[in-house]
Amino acid sequence: MKFRPLHDRVLVKRVDQEEKTAGGIIIPDTAQEKPMEGKVIAVGSGTKDDDGKVTPLDVKKGDRILFGKWSGTEIKVDGDDLLIMKESDILGIIEK
């Protein structure tokens, strides 16, 4: 199945978080917080202003992003757990 977000929506896959602390303690799945970092899988076409002009989004497919703890809606696409959120929920892009 293909999925294309509409307008200012972004499809994100969470990145896996380390299961060990810096001191080497293993954190069980039940105690881990969900990561607030993800990779952009797909983006919508952008927002329309009052004149009908489309403004493209600042993020693009492949960007690594940070988002708020309660941002987005969890969905399942082809068996993958993903998030769909508005671009305004994204806090920033991680650059290497």
Side-chain angles (χ1 to χ4, degrees):
M1 170 173 70
K2 288 196 169 205
F3 184 86
R4 183 176 56 92
L6 297 177
H7 308 296
D8 66 338
R9 303 278 196 296
V10 179
L11 188 64
V12 176
K13 181 173 182 150
R14 290 184 196 267
V15 295
D16 292 328
Q17 191 171 338
E18 289 291 323
E19 295 180 6
K20 286 185 181 181
T21 64
I25 298 171
I26 297 175
I27 304 168
D29 289 339
T30 55
Q32 288 183 9
E33 287 191 21
K34 291 184 178 178
M36 296 184 303
E37 184 178 330
K39 182 178 180 184
V40 176
I41 303 299
V43 296
S45 59
T47 57
K48 287 186 181 179
D49 61 13
D50 294 335
D51 299 330
K53 181 181 171 193
V54 176
T55 305
L57 303 181
D58 290 330
V59 296
K60 62 186 179 306
K61 183 178 177 179
D63 282 347
R64 285 185 73 109
I65 59 166
L66 288 177
F67 49 87
K69 192 173 199 171
W70 308 110
S71 298
T73 302
E74 293 182 355
I75 62 171
K76 196 171 268 244
V77 177
D78 290 336
D80 290 329
D81 291 324
L82 304 173
L83 288 169
I84 188 159
M85 64 182 70
K86 288 189 168 213
E87 186 186 36
S88 59
D89 291 337
I90 296 172
L91 303 174
I93 299 171
I94 300 171
E95 296 178 348
K96 293 183 180 179

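In summary, Asp63 and Lys60 engage in a salt bridge, as defined by a charged side-chain N under 4.0 Å from a carboxylate O.
Pro5 and Ile84 get closest at one heavy-atom pair: CB-CD1, 4.4 Å. Shown here for Met36 and Gly68, the closest heavy-atom pair between the two residues is SD-C, 4.2 Å. Of all heavy-atom pairs between Phe3 and Ala42, the closest is O-CB, 4.2 Å.
Taking CZ of Arg9 as the start and CG of Leu57 as the end, the distance is 11.0 Å to the nearest 0.5 Å. Residue Arg64 holds its CZ atom at 13.0 Å from CD of Glu95, rounded to the nearest 0.5 Å. Ser71 OG to Ile90 CD1: the interatomic distance, rounded to the nearest 0.5 Å, is 8.5 Å. Leu66 CG to Ile94 CD1: the interatomic distance, rounded to the nearest 0.5 Å, is 4.0 Å.
Screening Asp81, Leu83, Asp80, Leu11 for a side-chain contact (heavy atoms from CB on, under 4.5 Å) with Ile75, the sole residue that qualifies is Leu11. Checking Val43, Thr47, Ile65, Asp58 one by one against Glu87, the side-chain contact (heavy atoms from CB on, under 4.5 Å) holds for a single residue, Asp58.
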Task: Audit row: Glu37, Lys13, salt bridge (charged side-chain N to carboxylate O under 4.0 Å, His left out) steps and yes/no - done: CA-CA 9 Å; Glu37 184 178 330; Lys13 181 173 182 150; over 6 Å; no
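Put simply, Ile93 and Val12 are part of the same group of oily side chains (I, L, V, M, F, W, Y) that touch within less than 4.5 Å, one to the next.
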